[in-house]
Amino acid sequence: MTQKNLSKWLKAVIIGTGIFGMIVFFAIIPAYGTGLRSMYPEVSHYYWPWQIFLWLCSVPCFASLFFGWKIAKNIGADNSFSFENAKQLKTISILAAGDSAFFFLGNWALAFMNMSHPSALIILTPLVVFVGIAITVVCAALSHLVYKSAVLQSENDLTI
């Protein structure tokens with residue numbers, strides 16, 4: 001697979017992920033919340049705090065897609081092992097860690113305000129936090145490897 005071909009596939013995956021994320025965060029979750037509001041009117045006042053909380057959780061996810069797009073662009077320009085890509089991966093790692101912490105703390109804050117179901121704390125929170133931490137570790141490791149490769153590449157470029 002060529003660099004340009006890999007870049008095109010990465011960009012297609014990023015676009016697909018972005019579209020799927022928009023559908024989930026801005027269509028499926030609000031529709032599900034609206035359905036819950038109509039079935040359980042006694043908890044309808046939970047809708048907007050949860051909706052805003054989940055929209056705020058989506059911001060780092062979409063920001064990570066932006067940085068992923070920049071990495072794919074660099075790969076297409078045959079600049080895979082660059083300090084810029086290492087920095088972009090580190091930024092994605094930080095965004096994933098921050099989003100995991102925000103989701104964990106936000107879910108507990110909503111629980112203390114009696115606006116969360118216990119199953120959200122027991123099942124949803126550990127799952128989302130685990131996935132976020134896994135993404136954090138993978139991106140941090142890739143950032144380190146790309147940085148080391150960029151150092152080696154710059155040393156080799158100076159060798160005659």
Side-chain angles (χ1 to χ4, degrees), residues 1-33 48-111 116 119-160:
M1 182 178 286
T2 64
Q3 297 285 104
K4 291 212 182 273
N5 215 5
L6 179 61
S7 175
K8 287 179 185 176
W9 276 104
L10 286 171
K11 288 179 180 178
V13 168
I14 290 168
I15 290 170
T17 303
I19 291 169
F20 181 71
M22 296 265 255
I23 291 169
V24 167
F25 281 111
F26 299 107
I28 294 174
I29 290 174
Y32 183 71
W48 282 110
W50 266 99
Q51 189 64 50
I52 292 168
F53 172 65
L54 292 174
W55 283 340
L56 289 174
C57 287
S58 74
V59 171
C61 299
F62 290 115
S64 295
L65 292 178
F66 170 75
F67 291 113
W69 185 271
K70 290 172 81 172
I71 292 169
K73 188 175 161 186
N74 281 339
I75 290 171
D78 200 22
N79 194 17
S80 300
F81 301 113
S82 66
F83 296 108
E84 182 181 354
N85 281 353
K87 182 181 173 186
Q88 306 294 347
L89 284 165
K90 184 176 180 181
T91 303
I92 293 171
S93 174
I94 292 167
L95 285 170
D99 198 27
S100 297
F102 177 73
F103 187 83
F104 180 80
L105 295 173
N107 204 350
W108 276 99
L110 287 169
S116 185
S119 66
L121 290 173
I122 295 169
I123 298 169
L124 185 65
T125 301
L127 179 69
V128 171
V129 170
F130 176 78
V131 169
I133 296 303
I135 292 170
T136 298
V137 171
V138 168
C139 286
L142 284 174
S143 173
H144 177 73
L145 293 173
V146 169
Y147 179 80
K148 291 288 191 180
S149 298
V151 168
L152 285 173
Q153 185 175 6
S154 68
E155 289 173 0
N156 286 339
D157 289 344
L158 296 175
T159 306
I160 297 177

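Keep in mind the model is a prediction, meaning the values are calculated, not measured. Counting from 1, the numbers follow the sequence of the chain as shown.
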Does [Y] offer a backbone N or O that forms a donor-acceptor pair with the side chain of [X] under 3.5 Å?
| X | Y | answer |
| --- | --- | --- |
| S7 | A72 | yes |
| N79 | N74 | no |
| S149 | L145 | yes |
| S143 | C139 | no |
| S93 | L89 | no |
| T136 | A97 | yes |

Legend entry - Steps toward side chain to side chain contact (heavy atoms under 4.5 Å, CB included) verdict (I92, I71): CA-CA 11 Å; I92 293 171; I71 292 169; 4.1 Å; yes
Would you say [X] has more than 12 foreign heavy atoms packed within less than 6.0 Å of its [atom1]?
| X | atom1 | answer |
| --- | --- | --- |
| F26 | CZ | yes |
| F62 | CZ | yes |
| F83 | CZ | yes |

Between [atom1] of [X] and [atom2] of [Y], what distance do you get to the nearest 0.5 Å?
| X | Y | atom1 | atom2 | result |
| --- | --- | --- | --- | --- |
| L6 | K11 | CG | NZ | 11.0 Å |
| N107 | W50 | CG | CH2 | 4.0 Å |
| F25 | C57 | CZ | SG | 7.0 Å |
| W55 | W48 | CH2 | CH2 | 4.5 Å |
| I15 | L10 | CD1 | CG | 11.0 Å |
| I75 | W9 | CD1 | CH2 | 15.0 Å |

Inset, instruction - Would you please classify the geometry between the F102 ring and the F53 ring as parallel, tilted or perpendicular, with 30° and 60° separating the classes? - result: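 Judged by the thresholds at 30° and 60°, the geometry between F53 and F102 is tilted.
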Inset, instruction - Test L56 against F103 for side chain to side chain contact (heavy atoms under 4.5 Å, CB included), laying out the working first. - result: CA-CA 9 Å; L56 289 174; F103 187 83; over 6 Å; no
Minimum heavy-atom separation for [X] and [Y], please, with both atom names.
| X | Y | answer |
| --- | --- | --- |
| V128 | S100 | O-OG, 4.5 Å |
| V146 | S82 | CG1-O, 3.5 Å |
| I14 | W69 | CD1-N, 3.5 Å |
| G132 | A96 | O-CB, 3.7 Å |
| P126 | L121 | CD-O, 3.3 Å |

Inset, instruction - Check whether any side-chain heavy atom of N85 sits under 4.5 Å from a side-chain heavy atom of F81, and report yes or no. - result: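 N85 vs F81: side chains apart.
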